[in-house]
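Only this structure's heavy atoms are used, side chains among them; waters, hydrogens and symmetry mates stay out. Small disclaimer: the values here were computed from a predicted structure and weren't measured. Residue numbers start from 1 in every chain, and the chains themselves are labelled A, B, ... in the order their sequence lines are given, proteins ahead of strands.
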There are 2 protein chains.
Amino acid sequence: MLSIGDLSRKTGVKVPTIRYYEQMKLVTAPERSEGNQRRYSIVELERLTFIKHARDLGLKIDAIRELLDLSAHPEQPCADANRIAEDHLAATRDRIAQLQRLEAELVRITEGCHGDSIKDCYVIQSLSDHALCQDGH
Amino acid sequence: MLSIGDLSRKTGVKVPTIRYYEQMKLVTAPERSEGNQRRYSIVELERLTFIKHARDLGLKIDAIRELLDLSAHPEQPCADANRIAEDHLAATRDRIAQLQRLEAELVRITEGCHGDSIKDCYVIQSLSDHALCQDGH
DNA sequence: TTTTGTACCTATAGTTACTATAGATATTAG
DNA sequence: CTAATATCTATAGTAACTATAGGTACAAAA
C-alpha cells in the first residue's frame, strides 16, 4: 500500500492536489491506516497517472471526468472519447494561432522602440494608441 | 462626461470589470454624479484603452501596473518598458512551443484510434499508459 | 524505548482575473 | 409621471489548485 506521498512521487501529482482531486471526486476516497492516513493501491496509482497525463495535455477536469466515465464502460463505442480528444486538439490549435498573432505584435512593439525615455517609448505608445496596431484584436 | 456603460462600450471592457479594476487600483475612482454614479473623462478613457490593449496582448495585471507607473514618468528611460514587453514575448514563445508539442501528441492520439469500442480505444489507452508517449512530458 | 524528524491530517483562506447575483437606487425616454 | 433601463454596493462563485495553521502518525536513530 502506498502513502499519499508515495503516490505523489510516483505520479508527479502534488500531495495537496491529490487531496483536492479526492474532494472533487476525480479519485475515490482510499482506505485509511489505523492512524487515519490514506493508503493507496495500484488501481488508484493507474487512475491518477491517467489524470496526470490528461492534465499535462491541457484537458480540463470536466473532460477528464468524462473520459474516466467512458473508460469504466469498455463495451461502449469510443466515438465520444475521440470527440473529446479532437475538440481539445481544435482548441489547442486555435490557441496556438492566437498566440502567434500576439507574438507578431509583441515583436513589432519591442523592435519598434528606439526611444530612450518613456515619452518616446514605442512600447508605451503602442499600448496607448490602438490605431498603431496592425491587426484588429 | 461618460457613464460607466458609455466607457464600457467605448473600450470593450465590461462594466463589472471596470469596477473591478477600480477596486484593484488600476484605474482611479472617478467623480460621481448627484446620484452617486461614476462619471468618467477622456483621461480615464485613454487609461482604460491602454489597459484593455495590454490585456488583449496577454499581459498580466501586475505588468500593466508597472507599465502605467512607467508612463507616469515620461523622463525616465524606457528600458524597463522594453524589458516587460520582451519578457512577455519570451513567455509567449515558450507557451507556443509547449502547445505545439501538445498538438503533436493529440494528433498522434486521435489519429491512432481505429478501435470502435472503449476497450480498444487508443485515446483511452494513450492516457492510461504513459509509455506510449513519444516525448517525456 | 524514547526521541526526533518527517509525513500526514483537517479546515480554511488565498491565488488570478474576472463574472454572476441580489436587492436597492438613479437616470432617461416617452 | 411613469416605465424601462442603467447603475449602485456587497457578496459569492469560477478553475484548478496552493499555502497556511495547528495538530497527529509514523519510521528510524540513539
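If you measure from atom CE of A/Met1 to atom P of D/dA25, you get 19 Å, rounded to the nearest angstrom. When rounded to the nearest whole Å, the span between CD of A/Gln23 and C1' of D/dA19 equals 14 Å. Regarding B/Glu31, its CD atom lies at a distance of 17 Å from the P atom of D/dT7, rounded to whole Å. Rounded to a whole Å, the CG atom of A/Leu26 is 11 Å from the C1' atom of D/dA16. The OH atom of A/Tyr20 sits 13 Å away from the C1' atom of C/dT15 (whole-angstrom rounding). In this structure, B/Glu22 atom CD and D/dA10 atom P are separated by 11 Å, rounded to whole Å. Note: CD1 (B/Ile18) to C1' (D/dA6) measures 13 Å, nearest angstrom. B/Lys60 has its NZ atom 6 Å from the P atom of C/dA17, to the nearest Å.
Under the 3.5 Å distance criterion, the side-chain polar atoms of A/Thr49 are matched with a main-chain donor or acceptor of A/Leu45. Looking at B/Ser8, its side chain never comes within 3.5 Å of a backbone N or O of B/Ile4 through a donor-acceptor pair. Using a distance-only test at 3.5 Å, with no hydrogens or angles considered, a donor-acceptor pair links the side chain of B/His88 to the main chain of B/Leu57.
Comparing C/dA17, D/dA16, D/dA25 by their closest approach to the side chain of A/Arg55 singles out D/dA16.
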N/O contacts under 3.5 Å, protein versus nucleotides 6-9 of chain C?
unit_1: C/dC8; atom_1: OP1; unit_2: A/Ser3; atom_2: OG; d: 2.8
unit_1: C/dC8; atom_1: OP1; unit_2: A/Gly5; atom_2: N; d: 2.7
unit_1: C/dC9; atom_1: OP1; unit_2: A/Arg38; atom_2: N; d: 2.8
unit_1: C/dC9; atom_1: OP1; unit_2: A/Arg38; atom_2: NH1; d: 2.9
unit_1: C/dC9; atom_1: OP2; unit_2: A/Arg19; atom_2: NH1; d: 2.3
unit_1: C/dC9; atom_1: OP2; unit_2: A/Arg38; atom_2: NH1; d: 3.3
unit_1: C/dC9; atom_1: O3'; unit_2: A/Arg32; atom_2: NH1; d: 3.4

Please write out each protein N/O paired with an N/O of nucleotides 1-3 of chain C under 3.5 Å, distance rounded to 0.1 Å.
none

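If you check the side chains of A/Arg95 and A/Gln98, you find a donor sitting under 3.5 Å from an acceptor.
Mapping B/Ile61 and B/Glu34 onto DNA chain C via the closest heavy atom, the residue that lands nearer the 5' end is B/Ile61.
Contact between the side-chain N/O atoms of B/Thr17 and the OP1/OP2 oxygens of C/dT19 is found at a separation under 4.0 Å. For B/Tyr21, a side-chain nitrogen or oxygen approaches OP1 or OP2 of C/dC18 to under 4.0 Å. One finds a side-chain N or O of A/Lys14 lying less than 4.0 angstrom from the OP1 or OP2 phosphate oxygen of D/dT18. Applying the 4.0 Å criterion to OP1 and OP2 of C/dT27, one finds that B/Ser33 has a side-chain N or O inside that range.
Taking 4.0 Å as the cut-off between side-chain N and carboxylate O, A/Lys52 and A/Asp56 count as a salt-bridged pair. Salt bridge A/Lys60/A/Glu66: absent, no basic N to carboxylate O contact under 4.0 Å.
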Check the pair B/Asp6, B/Lys10 against salt bridge (Lys or Arg N to Asp or Glu O under 4.0 Å), reporting the backbone distance first and the verdict last. CA-CA 6 Å; B/Asp6 297 334; B/Lys10 277 181 194 289; over 6 Å; no
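Pairs of residues two or more places apart, or lying in two chains, that qualify as salt bridge (charged side-chain N to carboxylate O under 4.0 Å, His left out) and include a residue from residues 35-44 of chain A are A/Glu22-A/Arg38.
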